S.K.: 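Take this structure, written in C-alpha cells, and hold onto it; I'll ask about it next.
Given the structure is predicted, the values throughout are model-derived calculations rather than measurements. Counting from 1, the numbers follow the sequence of the chain as shown.
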Amino acid sequence: MRHPLVEFIKFATVIILLCLTRNPFVIGFFLVLEFALAPSFRSVLALVGTVALSVVINALVNHQGETYLFYLNDNVVTAESLVYGLFVGGQLWLLCRWTYRMGKAMTSEKMVIVLKYIFPPAALVLSMAIRSVNRYTDKLVEIYHYQMAMEPKRGIWNRMIAAIRAISILINWALENGLEIADAMECRAYGRKRRTSYTPFRLLPVDVFQIIGFLLLLMAQRWTEPFTILIPRIEIHFGAISTGIMLLLCLLIWQQTEREEK
C-alpha cells in the first residue's frame, strides 16, 4: 500500500507548480497528463466552459496588448488578452481538478499520518477535531430529542428553550468528556518520548526515492523554466531541458497514480 506522504508530496508538487508557472508549455503537459489519467467527455466540457469564461472576462477587463483586434463598447480587445485568458482558464481548471483529486485521495486518516511526520501535535489535534465534529453533532440531536420528549407542548417558545438546554447540556458533556479523554491519554503515555504508534502504512525506500524525485524535479523545473511574456506582448520561449524535466515529472506522476488506482 502506497504511503500517504508520497501522495501528499505528489499533489503538493503539482499544485505548487501550477500556481507558480507562467509558461503555456507546462499547462499543455498537465492537460495531456490529466486526460491520460481520466479521459472524460464531461471534463472536456468543463475545460471548454472554464476557458471560454476566462477568455470573455479577461477580454472585457484587461485591455493591455500590442495587437488590436476590434473595439467592444469603446474598449479595445487585444490578441494578448485572449491568449492570456486561454492560459489562465486552463490553469484554473487544472488547479480545480488536482485540488478535487487531492481532497478525494487524501482522507482524514492519511492527513493525520502525513502531519505526524511534519508536526505531531497538529496531527493529534486534527484527528480529535475530525472525530469530535460528527460525534458532537449526533450528541446534540440526541439531547434535543430527549428535551422535546419532556415538553408537553411543542410551540416555538418550547422548541427554543429545548434547544438552549440541549446546547448547555452538550457543553457540560463535552467538558467532562474532554477530562476523561485527557486522563485516558495520560494513562496511555501520550506526550512521552518512548511511546510508539501503530500505522498500517510503511515508508519504504521506494517511497523515499519518489519523494526525493518529486522535490528535485520541482526545483529543477522552477530553475530551468523558460522566460515567457503574454502581456503586453506575446513572447514564449522553448527550453529543451525544461521540457525533459516536465516529461520526467509527468511520467513519475502517471506511474504513481496508476499504482494508487490499482
Side-chain angles (χ1 to χ4, degrees), residues 1-23 25-39 90-131 190-191 193-226 239-262:
M1 187 178 294
R2 186 63 56 189
H3 198 277
L5 188 59
V6 182
E7 297 182 53
F8 179 78
I9 295 297
K10 179 191 72 174
F11 289 117
T13 300
V14 176
I15 292 174
I16 290 173
L17 189 56
L18 286 174
C19 290
L20 296 181
T21 187
R22 291 295 178 266
N23 196 299
F25 286 113
V26 177
I27 303 299
F29 273 111
F30 279 117
L31 285 174
V32 174
L33 176 63
E34 176 63 31
F35 288 108
L37 291 174
Q91 186 180 29
L92 179 62
W93 183 79
L94 285 171
L95 280 172
C96 293
R97 285 290 301 172
W98 281 96
T99 305
Y100 169 76
R101 186 171 290 171
M102 180 179 182
K104 189 176 180 180
M106 298 298 297
T107 59
S108 59
E109 180 185 3
K110 292 182 179 181
M111 287 300 299
V112 168
I113 294 173
V114 170
L115 289 175
K116 182 179 69 174
Y117 294 95
I118 302 174
F119 191 50
L124 180 61
V125 173
L126 179 62
S127 63
M128 294 179 64
I130 294 173
R131 178 175 177 267
Y190 273 90
K193 296 182 180 180
R194 295 183 179 180
R195 184 183 182 277
T196 59
S197 59
Y198 170 75
T199 175
F201 304 98
R202 290 185 178 182
L203 193 63
L204 302 176
V206 179
D207 300 331
V208 177
F209 289 140
Q210 285 192 347
I211 292 173
I212 295 174
F214 279 123
L215 297 178
L216 290 178
L217 288 174
L218 175 62
M219 291 186 292
Q221 197 282 330
R222 295 307 305 154
W223 182 265
T224 61
E225 182 172 293
I241 298 177
S242 180
T243 302
I245 292 172
M246 282 301 305
L247 284 174
L248 290 176
L249 181 59
C250 290
L251 288 175
L252 184 59
I253 294 172
W254 179 80
Q255 180 262 346
Q256 204 267 338
T257 306
E258 288 292 324
R259 285 190 176 183
E260 290 175 7
E261 294 179 354
K262 292 180 180 179

S.K.: Test L17 against W98 for side chain to side chain contact (heavy atoms under 4.5 Å, CB included), laying out the working first.
M.R.: CA-CA 11 Å; L17 189 56; W98 281 96; over 6 Å; no
S.K.: Got a second to check how far I16's CD1 is from R222's CZ, nearest 0.5 Å?
M.R.: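 So the CD1 of I16 and the CZ of R222 are separated by 10.5 Å.
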S.K.: Enter the distance from W223:CH2 to S242:OG here, rounded to the nearest 0.5 Å.
M.R.: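 Going from CH2 on W223 over to OG on S242, the span is 13.5 Å.
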S.K.: Check A220 against I245 and note the closest heavy-atom contact, atom names and distance.
M.R.: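 Result for this residue pair: CB-CD1, 3.6 Å.
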S.K.: Could you give the distance from CG (L5) to CD1 (I211), rounded to the nearest 0.5 Å?
M.R.: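 With rounding to 0.5 Å, CG (L5) is 4.0 Å from CD1 (I211).
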S.K.: Just to verify, what does F29 make a ring pair (Phe, Tyr, Trp, His ring centres under 6.0 Å) with, not counting sequence neighbours?
M.R.: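 Counting only residues at least two positions away or on another chain, F29 forms no ring pair (Phe, Tyr, Trp, His ring centres under 6.0 Å).
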S.K.: Could you tell me whether the side chain of Q210 reaches within less than 4.5 Å of the side chain of K10, counting heavy atoms only?
M.R.: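 They are not in side-chain contact.
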S.K.: Taking the side chain as C-beta and beyond, is there a heavy-atom pair between L37 and R101 under 4.5 Å?
M.R.: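 Yes; the side chains approach each other to less than 4.5 Å.
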S.K.: Looking at OG1 of T13 and CD1 of I253, how far apart are the two atoms once the value is rounded to the nearest 0.5 Å?
M.R.: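 Reported value, rounded in 0.5 Å steps: 7.0 Å.
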S.K.: Do R22 and Q91 touch side chain to side chain, with heavy atoms closer than 4.5 Å?
M.R.: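 Side-chain contact under 4.5 Å: yes.
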S.K.: If you look at every heavy atom in L95 and I15, which pair is closest and at what distance?
M.R.: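 Looking at all heavy atoms of both residues, the closest pair is CD2-O, 3.9 Å.
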S.K.: With rounding to the nearest 0.5 angstrom, report the CZ to CG distance, F214 to L249.
M.R.: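 Here the rounded value is 7.0 Å.
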S.K.: Roughly how far, to the nearest 0.5 Å, is the OG1 atom of T243 from the CZ atom of F25?
M.R.: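 It comes to 7.0 Å.
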S.K.: Restricting to side-chain contact (heavy atoms from CB on, under 4.5 Å), what partner residues turn up for L251, sequence neighbours left out?
M.R.: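 With sequence neighbours excluded, L251 shows a side-chain contact (heavy atoms from CB on, under 4.5 Å) to no residue whatsoever.
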S.K.: Taking only residues two or more places apart in sequence or in another chain, which ones pass ring pair (Phe, Tyr, Trp, His ring centres under 6.0 Å) with F35?
M.R.: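 W93.
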S.K.: I need the minimum non-hydrogen distance between L94 and L18, along with the two atoms involved.
M.R.: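 Taking every non-hydrogen atom into account, CB-CD1, 3.8 Å.
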S.K.: Could you tell me whether the side chain of V14 reaches within less than 4.5 Å of the side chain of M102, counting heavy atoms only?
M.R.: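 They are not in contact (no side-chain heavy atoms under 4.5 Å apart), so the answer is no.
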